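Notes for the one structure printed next.
Only this structure's heavy atoms are used, side chains among them; waters, hydrogens and symmetry mates stay out. Computed from a prediction, not measured in an experiment: that's the story for all the values here.
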Amino acid sequence: MEFGGLPQVDAASVPSDALLLDVRENDEWAAGRAEGALHIPMSEFVGRIGELTERAGAGEQVYVVCRVGGRSAQVAQYLRQQGVEAVNVDGGMLAWEAAGRPLTADGESAYVL
């Protein structure tokens with residue numbers, strides 16, 4: 001599926017072994033996140049893009065997620081302009097949680113903030 005030329009995928013369809021890039025801010029990340037996701041807040045992304053390029057293999061698809069899909073769409077579009085195969089996770093972490101995908105957190109219970 002595409003939105004304005006940007007490839008999107010629903011949260012339930014993200015492969016369990018996918019490279020998931022979470023661009024939410026630190027408080028959102030601490031409240032609940034997907035296990036194994038790479039966390040680079042959107043506000044720090046341009047300065048930290050090397051962390052993603054070090055982890056992503058050549059041609060590897062990167063699934064970008066935020067809370068509802070707006071910030072992740074912007075980052076995915078930027079990545080595509082840099083030649084990275086990026087896909088926006090439609091509905092973000094709210095859709096991830098609604099789809100019953102597993103969450104982990106820094107506190108006792110995980111939830112999407």
What heavy-atom pair brings Arg48 and Pro41 nearest, and what distance separates the two atoms? NH1-CD, 3.4 Å
Evaluate the criterion side-chain contact (heavy atoms from CB on, under 4.5 Å) for residue pair Arg55 and Glu51; output intermediate values, then yes/no. CA-CA 6 Å; Arg55 185 162 163 184; Glu51 294 174 42; over 6 Å; no
Closest contact, heavy atoms only, Ala34 versus Trp96: CB-CZ2, 3.5 Å
Hey, are the side chains of Ile49 and Ile40 touching, using non-hydrogen atoms and a 4.5 Å cut-off? no
Give a yes or no on whether Leu103 and Val14 share a hydrophobic cluster (residues Ile, Leu, Val, Met, Phe, Trp, Tyr; joining criterion: side-chain heavy atoms under 4.5 Å apart). yes
Working note: Tyr63 + Val9, criterion side-chain contact (heavy atoms from CB on, under 4.5 Å); need CA distance, chi angles, decisive distance, verdict. CA-CA 8 Å; Tyr63 294 83; Val9 64; 3.6 Å; yes
Residues passing the side-chain contact (heavy atoms from CB on, under 4.5 Å) test with Gln74, sequence neighbours excluded, are Met42
Glu35: side-chain contact (heavy atoms from CB on, under 4.5 Å) partners, not counting sequence neighbours: Thr104
side-chain contact (heavy atoms from CB on, under 4.5 Å) partners of Ala12, counting only residues at least two apart: Asp10, Ala99
Shortest non-hydrogen contact between Gly69 and Asn88, atoms and distance: O-ND2, 3.4 Å
Sort out for me which residue in Leu21, Val23, Leu20, Asn26 forms a side chain to side chain contact (heavy atoms under 4.5 Å, CB included) with His39. Asn26
Please check this pair: side chain of Arg80 against backbone of Ala86, looking for a donor-acceptor N/O pair closer than 3.5 Å. yes
Roughly how far apart are Gln8 CD and Ser13 OG, rounded to 0.5 Å? 12.0 Å
Hey, could you give me the CZ/CZ distance between Arg24 and Arg67, rounded to the nearest 0.5 Å? 9.0 Å
Nearest non-hydrogen partners of Gly59 and Glu85, listed with the distance: O-CG, 4.2 Å
Rounded to the nearest 0.5 Å, what separates atom OG1 in Thr53 from atom CD in Gln82? 10.5 Å
Can you measure from CG (Asp106) to CZ (Arg33) and round to the nearest 0.5 angstrom? 4.5 Å
Should Met93 and Val87 be regarded as members of a common hydrophobic cluster, given that ILVMFWY residues are connected when their side-chain heavy atoms come within less than 4.5 Å of each other, either directly or indirectly? yes
Between the side chain of Trp29 and the main-chain N/O of Ala105, is any donor-acceptor distance below 3.5 Å? no
Aromatic rings Tyr78 and Phe45: how do their planes relate, parallel, tilted or perpendicular, breaks at 30° and 60°? perpendicular
Exactly one of Leu38, Val64, Val65 clears side chain to side chain contact (heavy atoms under 4.5 Å, CB included) with Asp22, and that residue is Val65
